[in-house]
Engineer: 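Supplied in structure tokens, the structure appears directly below.
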There are 2 protein chains.
Amino acid sequence: MNSQVRQQGGADGTVGKALEVLDQVADKGRPVRFSELLAETSHPKATLYRLLQTLTNQGMLAYDEDRQTYAPGLRLVRLAHSAWRQSSLAPVARPYLTALAQKVGETIHLAQLDRGQVLYVDKMNAAEPIEMFSQAGKVGPGYCTGVGKAMMAFLDADDRQDAINRQAYFAHTPNTLTTPDALAAELDRIKAEGVSYDREEHEPGIICIAAPILSSTGRVIGALSITTSTSRQSFDGLEQHRAALLRTAQDIAGAAESWQFPT
Amino acid sequence: MNSQVRQQGGADGTVGKALEVLDQVADKGRPVRFSELLAETSHPKATLYRLLQTLTNQGMLAYDEDRQTYAPGLRLVRLAHSAWRQSSLAPVARPYLTALAQKVGETIHLAQLDRGQVLYVDKMNAAEPIEMFSQAGKVGPGYCTGVGKAMMAFLDADDRQDAINRQAYFAHTPNTLTTPDALAAELDRIKAEGVSYDREEHEPGIICIAAPILSSTGRVIGALSITTSTSRQSFDGLEQHRAALLRTAQDIAGAAESWQFPT
DNA sequence: GAAACGAGTTTCATTATTTGGAACCTGTTG
DNA sequence: CAACAGGTTCCAAATAATGAAACTCGTTTC
């Protein structure tokens, strides 16, 4: 039913269940009725009811009395504000992204890895002005995006295997890698080469070149990509930007390193 | 110690406690150590430890092994993406804000009420490009901001009283209203007049004019403000924008009304 | 207009989870 | 090397979550 990756393995207690419900509501992308959630969940009526009550009570969900629907609550927006500022690369990387976007004239994505999935934390659309949350916070698959593969390639063995296992391997296009083995092989190539490509593996006509952002100790902290469409640019065109991309990735890594919070 | 408003009255069960801890970490605004949290909380060591474990496990917190610190996790960013799109006025209001910002050439804020506090969901800075989460998600006090007072003024009796009770009444400036009675009186005036003002009540030199955004049934769904500084504009200058402000508020209300999700 | 229905809410004895004091690690400091 | 501080784990007692069933209340059906 859901071609996305499963995320929370084991439920840790009540909190885990509550957050699972929260995700369920959020994933819907629109206000949901109690019964709709009930149909999808394994929890009995009363349990689901109380979980929703608690979450609503806490402002994590908003309940529309008129329509009898639940939607993600504003408290999340408040919390995310902190999360974005602290745990994401975005604030630090902003200036570098801007510079790169202007230089290459293509769309730049900044992403981080969240449980095997790609979480876009910033986007720069050379031409148009920035779109807020409409882009930051979006998630995408790890196995068929440039940034996803770039980050996975540089994980250590355990985490890498874990990430490989979490993928959904849905064939979005004829070029999509659809087996763990194929992905693993591609990751090896990427690690050797230093950059990854999306060869229309996610959406037809969309290609990109991506590079990981690595800390001085070699840990993956994010990735950066230059995206374009086959109608605008050839693959060779992207290749031209390789140096600038790698340079920017390094710059961001450096900035992130030095800008650790004052303790 | 904390001059802000208390938010979650009673703890609902384990989930409530976990979210309380989450807030605590988020409010710090920087990575925190276990012991630092322990010192502030009433929970015993073991309990706090397990709550943090659970939250980290779930991706609501991120744990930095090297530094042994906790920070809000990326899962929040993902969730907030949904929340912002669904529960906030921002996506609908965007075009109207842009138009208004260009017309008046001042900073525009769009806010909603979250438990007596003002939550800014969008901002338009006529001149500069938009800053992402750095503005959206920010919270402010209700009793001494234009948008806060505008929203409170149009709540129904119960909610209004509740909101009045939740305020901290800290005297940020000599003009700040510091008693529930003074605030109530001001709210009456605002309700009669239709717009509210911030007369340097929050920050010296900063003034604004704000209007509520009301649904067709009269429910408060948000507020809108035009902000400037005394050095740039007089009070009368702001007054000039009253009509445009009210007009925009109405337009947004209309747009929000018709753009309810397809059920 | 009564009866059946569907969606949501509450009850209560049972069961499973959370609790927290204290003991236990483990790397640091005097 | 002993004392220590910041973390982590144990386990019996206390508490909170569970879920089948009963109950509202507003609709639809006969």
Side-chain angles (χ1 to χ4, degrees), chain A residues 8-25 28 30-73 87 158 217 260-263, chain B residues 8-25 28 30-73 87 158 217 260-263:
Chain A
Q8 286 77 242
D12 359 31
T14 318
V15 177
K17 287 173 211 162
L19 294 177
E20 202 184 314
V21 171
L22 188 59
D23 259 1
Q24 213 186 118
V25 175
K28 282 285 165 189
R30 61 179 166 72
V32 257
R33 274 231 166 55
F34 175 88
S35 50
E36 195 173 347
L37 293 170
L38 182 59
E40 292 180 11
T41 195
S42 55
H43 301 296
K45 228 190 201 181
T47 301
L48 178 65
Y49 177 69
R50 274 172 311 220
L51 287 174
L52 289 170
Q53 288 252 112
T54 306
L55 289 169
T56 303
N57 217 331
Q58 293 287 333
M60 302 295 280
L61 288 178
Y63 182 64
D64 182 332
E65 303 215 7
D66 300 333
R67 295 162 187 268
Q68 299 194 140
T69 54
Y70 296 88
S87 298
D158 285 353
T217 62
Q260 292 292 165
F261 286 82
T263 316
Chain B
Q8 286 79 242
D12 1 30
T14 318
V15 177
K17 286 173 212 163
L19 294 177
E20 201 184 314
V21 172
L22 187 59
D23 259 2
Q24 214 187 117
V25 175
K28 282 285 165 189
R30 59 179 167 74
V32 258
R33 274 234 163 59
F34 174 89
S35 51
E36 195 172 347
L37 292 170
L38 182 59
E40 292 180 12
T41 195
S42 55
H43 301 297
K45 229 188 197 181
T47 302
L48 178 65
Y49 176 69
R50 274 172 312 220
L51 288 174
L52 289 171
Q53 286 252 114
T54 306
L55 289 169
T56 303
N57 215 332
Q58 293 288 331
M60 302 295 281
L61 288 178
Y63 182 64
D64 181 332
E65 304 215 5
D66 299 333
R67 297 163 186 270
Q68 299 193 139
T69 54
Y70 296 88
S87 297
D158 284 353
T217 61
Q260 290 294 164
F261 286 81
T263 318

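In what follows, chains are A, B, ... by sequence order, proteins preceding strands, each numbered from 1.
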Engineer: Please name all residues satisfying side-chain contact (heavy atoms from CB on, under 4.5 Å) with A:T217, sequence neighbours left out, ordered by chain then number.
Structural biologist: A:S215, A:R219

Engineer: A:L19 versus A:D23: any side-chain heavy-atom pair under 4.5 Å?
Structural biologist: no

Engineer: Quick one: pull up OG in A:S42 and CD in A:E20 and give me the separation to the nearest 0.5 Å.
Structural biologist: 6.5 Å

Engineer: Can you list everything that forms a side-chain hydrogen bond (donor to acceptor under 3.5 Å, both in side chains) with B:Q24? Sequence neighbours excluded, please.
Structural biologist: none

Engineer: Given axes from five pairs at either end, by how many degrees does the helix from C:dG1-D:dC30 to C:dG30-D:dC1 bend, rounded to 10°?
Structural biologist: 20°

Engineer: Sorted by first residue and then second, give each ring-ring contact (aromatic ring centres under 6.0 Å, His included) pair with at least one member in residues 30-66 of chain A; sequence neighbours left out.
Structural biologist: A:Y63-A:Y70

Engineer: Could you state the interatomic distance from CD (B:Q58) to CG (B:L22), rounded to the nearest 0.5 Å?
Structural biologist: 11.5 Å

Engineer: Can a donor-acceptor pair be found, under 3.5 Å and without considering hydrogens, that links the side chain of B:T41 to the backbone of B:L37?
Structural biologist: no

Engineer: For B:E40, which residues count as a salt bridge (charged side-chain N to carboxylate O under 4.0 Å, His left out) partner, sequence neighbours excluded?
Structural biologist: B:K28

Engineer: On DNA chain D, which is the earliest and which the latest nucleotide, 5' to 3', with an atom closer than 4.0 Å to a heavy atom of chain A?
Structural biologist: D:dA17 to D:dA20

Engineer: Pick the closest DNA chain C nucleotide for A:V15 and for A:Y63 by heavy atoms, then say which residue is nearer the 5' end.
Structural biologist: A:Y63

Engineer: At a heavy-atom distance below 4.0 Å, which nucleotide of DNA chain C is the first touched by chain A, and which is the last?
Structural biologist: C:dG8 to C:dT18

Engineer: Sequence neighbours left out, what pairs pass salt bridge (charged side-chain N to carboxylate O under 4.0 Å, His left out) with at least one residue falling in residues 44-54 of chain B?
Structural biologist: none

Engineer: Between B:P72 and B:V25, is any pair of side-chain heavy atoms under 4.5 Å apart?
Structural biologist: yes

Engineer: Flag the pair A:V32 / A:T69 as yes when at least one side-chain heavy-atom distance between them is below 4.5 Å, and no otherwise.
Structural biologist: no

Engineer: In residues 39-56 of chain B, which ones come under 4.0 Å of DNA chain C, going by heavy atoms?
Structural biologist: B:P44, B:A46, B:T47, B:R50

Engineer: Nearest 0.5 Å, please: how far is CG in A:L48 from CD in A:Q53?
Structural biologist: 10.5 Å

